[in-house]
Asks: 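Just passing along the structure, written as structure tokens.
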Amino acid sequence: MGIFGKKRAIKVLFVTSEQTEFAKAGGLGEVMFSLSRALCGIGHDARVFMPLYATIDRELFPLERTHEGLSVPTDSKDPEKNIICNIVEYMSSDKPRSPVHTYFLENQEYYEMRSNVYGYEDDRIRFALLSRGALEFLSKKSDWVPDVIVSTDWLTGWLASMLRVEYKNDPRLTSVASVFSIHNLGNQGMKVHHKFIPESERDDGVGDMPDFFSDRMGVVNSVRRAMLYADVINTVSQTHAKELLTEEFGEGLEALLRERRERLYGILNGIDYETNDPSMDTSLAKNFSTRTVDVRVENKLAIQERFGLPKNKRAFLMVIVSRFTKQKGFSLLEPVIDQFFKATGAQLIVVGTGETEIMEFFQELEKKYPTQARAHLQFSETLPHELYGGADVALIPSYFEPCGLTQMEAMRFGTVPVARRVGGLADSIVPYAPETRTGTGFLFDDFDPNALLIALTEAFVSWQHPTGWRKLMQNVMMKDFSWENSAREYEKLFRLAIRFRAEDLKKKTNNRAVNGRRIE
């Protein structure tokens, strides 16, 4: 506590492979960018440590090399194998989309000479180097030391282990708390999928890291190591945190997670409310707010016209915006969509790309129902907002969904989600109750076509009552999925991690005192 009981600001360092504005290959980059900014926005000192990629625009983001000749160990037994790196810094500015204070690990061979963020045979070396480089910098060069270090997935999971093993006696780092954040448990960073590593070769997660260039590095499980050593483990929704304790979703680590379940938490990601704003979005035919949801019908007519569907404000318009993978559950749609189309006259617009089999299904659906279905089988930055600004429902029948952003973006624009009750979908959607006009969507439990059909039918029946549906649209738009809301939950998590670290250190000190006491 500070003066008058005010809590002290937390110093947080995110060690990550990507951050939007500098490098983005997936959703992780947006999380690192938005969460760190939101934490700074509520008074904390959040910073990022990441590789210096050649693609970073140095004119837009002025960088300064602040430390040269950082010697990063790659083998605890042989200092001759150290890799020499530099530290380059970006100082946050008052520009609207400025990232937070960011440290870059500079190395020509492993980062700047690569055209992509991921996809190389030596990715394990590249990101183990990033983790070790961050700790070496904090230990030897930095004037600033965080209270909490956050590592993410297999890419920087190494860090949680290194902090407690290789740096366990470092006076600058011993009290630093470690949080390991799980976004994708399926990839654990080994040369082959973890399920196919022979039992005799599996990494128990204990002890020093091997030489980065050794064959052993190919079977080191950075995720297991992070789970063993992190002060707190978190994932991107409370429901998914529970799912990870099961064999179905635990990816072989469910037993370990059950052992550490008291340190396992879930916090929903957020969305950017500035870039997801239906009152200002220039892609919409008509801007609107919760007070003017009735004008959304103009957007419906505009997208029907754009996609060549009959313009009909009384058509029940469904949309799908997604990557097309088996995880997303579109196999449930195939057995029931004919029946639903014929019974309701509904329309469906699909935007996305992915697995050929799923794309062909939507392509054939368009041919079969030329006045009801359209498939835009390409990635688009702008179409999602146009669709969410005028559609009635968004279909999200996922087999699993750790967090999900589709439902949050759709709801921000007044589109009601119809989704399976898993992961972040379960945590972000409240079932609609027509009698009280409360709730924010329609959920189903079983991974079964008929369960999806029942949920869709419930949505269609509710949509036929305009007054209730208007209230439902207002409900979904008023749901708070801002990053500020997520950041306040992370603040609690970080304070918990700091407390756990202090308690663990106290226990170790007491144990040493007991073990060292002479017995007369």
Asks: Taking F22 as the fixed residue, which of Y53, Y90, F33 is the one that meets the ring pair (Phe, Tyr, Trp, His ring centres under 6.0 Å) rule?
Replies: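 By the ring pair (Phe, Tyr, Trp, His ring centres under 6.0 Å) criterion, F22 pairs with just one of Y53, Y90, F33: Y90.
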Asks: Hey, is the main chain of E401 close enough, under 3.5 Å, to the side chain of S398 for a donor-acceptor pair?
Replies: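 Answer holds: no.
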Asks: Once you measure the plane-to-plane angle for W469 and F316, does it fall in the parallel (<30°), tilted (30-60°) or perpendicular (>60°) bin?
Replies: perpendicular
Asks: Which residues pass the salt bridge (charged side-chain N to carboxylate O under 4.0 Å, His left out) test with K492, sequence neighbours left out?
Replies: E489
Asks: Please name the pair of heavy atoms, one in K300 and one in G390, separated by the smallest distance, quoted to 0.1 Å.
Replies: CB-O, 3.4 Å
Asks: With sequence neighbours excluded, tell me which residues meet side chain to side chain contact (heavy atoms under 4.5 Å, CB included) with M91.
Replies: E89, H101
Asks: Taking the side chain as every heavy atom from C-beta outward, state whether I125 and Y120 have any atom pair closer than 4.5 Å.
Replies: no
Asks: With sequence neighbours left out, what residues match S139 under side-chain hydrogen bond (donor to acceptor under 3.5 Å, both in side chains)?
Replies: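 Counting only residues at least two positions away or on another chain, S139 forms a side-chain hydrogen bond (donor to acceptor under 3.5 Å, both in side chains) with D170.
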Asks: Test of understanding: with side-chain hydrogen bond (donor to acceptor under 3.5 Å, both in side chains), list the residues that count as partners of E458, not counting sequence neighbours.
Replies: none
Asks: Can you list the residues that meet the side-chain hydrogen bond (donor to acceptor under 3.5 Å, both in side chains) rule with S237, with sequence neighbours excluded?
Replies: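 S237 satisfies side-chain hydrogen bond (donor to acceptor under 3.5 Å, both in side chains) with no other residue.
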Asks: Decide side-chain contact (heavy atoms from CB on, under 4.5 Å) for F180 and S222; before the verdict, give the C-alpha distance in whole Å, the side-chain angles of both, and the deciding distance to 0.1 Å.
Replies: CA-CA 11 Å; F180 177 58; S222 62; over 6 Å; no
Asks: Charged N to carboxylate O below 4.0 Å: is that the case for E112 and R58?
Replies: yes
Asks: Please say which of L268, T239, D427 ends up in a side-chain contact (heavy atoms from CB on, under 4.5 Å) with C403.
Replies: L268
Asks: Tell me, which pairs form a salt bridge (charged side-chain N to carboxylate O under 4.0 Å, His left out) where one or both residues lie in residues 223-246, sequence neighbours left out?
Replies: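 Every pair satisfying salt bridge (charged side-chain N to carboxylate O under 4.0 Å, His left out) with a residue in residues 223-246: R164-D231, D203-R225.
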Asks: Please lay out, stage by stage, how E251 and V223 fare under the test side-chain contact (heavy atoms from CB on, under 4.5 Å).
Replies: CA-CA 11 Å; E251 294 289 347; V223 176; over 6 Å; no
Asks: When you check the gap from the basic side-chain N to the acidic O, do R501 and D147 get nearer than 4.0 Å?
Replies: no
Asks: What closest approach, in Å, do C85 and V72 show between heavy atoms, and which atom pair accounts for it?
Replies: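 For C85 versus V72, the nearest heavy atoms are SG-CG2, 4.1 Å.
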Asks: Passes side chain to side chain donor-acceptor pair (under 3.5 Å), S92 versus R37? Steps please.
Replies: CA-CA 10 Å; S92 185; R37 279 166 44 96; over 6 Å; no
Asks: Test of understanding: with side-chain hydrogen bond (donor to acceptor under 3.5 Å, both in side chains), list the residues that count as partners of Y167, not counting sequence neighbours.
Replies: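 For Y167, the residues satisfying side-chain hydrogen bond (donor to acceptor under 3.5 Å, both in side chains) (neighbours in sequence not counted) are R132, E136.
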Asks: Does the side-chain contact (heavy atoms from CB on, under 4.5 Å) test come out yes or no for F127 and W154, once each step is laid out?
Replies: CA-CA 9 Å; F127 296 114; W154 78 267; 4.2 Å; yes
Asks: Are L256 and L228 side-chain neighbours, meaning at least one heavy-atom pair lies under 4.5 Å?
Replies: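 They are in side-chain contact.
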Asks: List the steps, then state whether side chain to side chain donor-acceptor pair (under 3.5 Å) holds for S462 with Y432.
Replies: CA-CA 9 Å; S462 296; Y432 178 62; 5.6 Å; no
Asks: Which residues pass the salt bridge (charged side-chain N to carboxylate O under 4.0 Å, His left out) test with E21, not counting sequence neighbours?
Replies: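 Checked E21 against salt bridge (charged side-chain N to carboxylate O under 4.0 Å, His left out); matches are R97.
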Asks: With sequence neighbours left out, write down each residue that passes salt bridge (charged side-chain N to carboxylate O under 4.0 Å, His left out) with R323, or none if nothing qualifies.
Replies: none
Asks: Kindly check if the number of other-residue, nucleotide or ligand heavy atoms within 6.0 Å of NZ (K11) is above 12?
Replies: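 Yes.
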Asks: For D480, enumerate each residue passing the side chain to side chain contact (heavy atoms under 4.5 Å, CB included) test, keeping only those at least two apart in sequence or located in another chain.
Replies: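 D480: side chain to side chain contact (heavy atoms under 4.5 Å, CB included) contacts with Y273, S482, N485.
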Asks: Please name all residues satisfying side chain to side chain contact (heavy atoms under 4.5 Å, CB included) with Q474, sequence neighbours left out, ordered by chain then number.
Replies: V293, R470, K471, M478
Asks: Supply the atom-to-atom distance H376 NE2 to T353 OG1, rounded to the nearest 0.5 angstrom.
Replies: 9.5 Å
Asks: Provide the closest heavy-atom pair for A487 versus L35 in the form atom of the first, atom of the second, distance.
Replies: CA-CD1, 4.0 Å
Asks: What's the spacing between L39 CG and I10 CD1 if we round to 0.5 Å?
Replies: 8.0 Å
Asks: Under the salt bridge (charged side-chain N to carboxylate O under 4.0 Å, His left out) test, which residues partner R65, sequence neighbours left out?
Replies: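 Testing R65 for salt bridge (charged side-chain N to carboxylate O under 4.0 Å, His left out), a comparison that skips the adjacent residues, returns E68, E106.
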Asks: Atom CH2 of W144 and atom OH of Y103: how far apart are they, to the nearest 0.5 Å?
Replies: 5.5 Å
Asks: Taking it one step at a time, do N234 and S181 satisfy side chain to side chain donor-acceptor pair (under 3.5 Å)?
Replies: CA-CA 5 Å; N234 90 287; S181 188; 3.3 Å; yes
Asks: Roughly how far apart are D143 CG and H67 NE2, rounded to 0.5 Å?
Replies: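 Interatomic distance, D143 CG to H67 NE2, rounded to 0.5 Å: 6.5 Å.
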Asks: Sub-3.5 Å donor-acceptor pair from the side chain of T102 to the main-chain atoms of V100, do we have one?
Replies: yes
Asks: Taking all non-hydrogen atoms of both residues, which atom of R421 and which atom of A426 are closest, and how far apart?
Replies: CG-CB, 3.7 Å
Asks: Between N475 (side chain) and T440 (backbone), is there a donor-acceptor pair under 3.5 Å?
Replies: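 Not a single qualifying donor-acceptor pair exists.
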Asks: What heavy-atom pair brings Y265 and L496 nearest, and what distance separates the two atoms?
Replies: OH-CD2, 3.0 Å
Asks: Taking all non-hydrogen atoms of both residues into account, name the closest pair between T152 and H183 and its distance.
Replies: CG2-CE1, 3.9 Å
Asks: Rounded to the nearest 0.5 Å, what separation is found between the CG atom of L245 and the NE2 atom of H240?
Replies: 10.0 Å
Asks: Taking the side chain as every heavy atom from C-beta outward, state whether E248 and Y399 have any pair of such atoms under 4.5 Å apart.
Replies: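 A side-chain contact under 4.5 Å exists here.
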Asks: Under 30°, 30 to 60°, or over 60°: which ring-plane class applies to F330 and F362, parallel, tilted or perpendicular?
Replies: perpendicular
Asks: Do W463 and V393 have side chains that approach each other closer than 4.5 Å (heavy atoms only, starting at C-beta)?
Replies: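 No - every pair of side-chain heavy atoms lies 4.5 Å or more apart.
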Asks: Given 3.5 Å as the limit, does a donor-acceptor pair link the side chain of R296 with the main chain of F413, or not?
Replies: yes
Asks: Are T156 and F14 close enough, and set up right, to give a side-chain contact (heavy atoms from CB on, under 4.5 Å), and what steps lead you there?
Replies: CA-CA 10 Å; T156 52; F14 294 90; over 6 Å; no
Asks: Any salt bridge between R306 and E386, counting N to O under 4.0 Å?
Replies: yes
Asks: Atom CG of L405 and atom CZ of R412: how far apart are they, to the nearest 0.5 Å?
Replies: 14.5 Å
Asks: Tell me, with the steps shown, if R258 and E254 meet salt bridge (Lys or Arg N to Asp or Glu O under 4.0 Å).
Replies: CA-CA 6 Å; R258 285 196 292 268; E254 59 275 3; 5.5 Å; no
Asks: Can any side-chain N or O of D123 pair as donor or acceptor with the backbone N or O of Y118 at less than 3.5 Å?
Replies: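 Such a contact is absent between D123 side chain and Y118 backbone.
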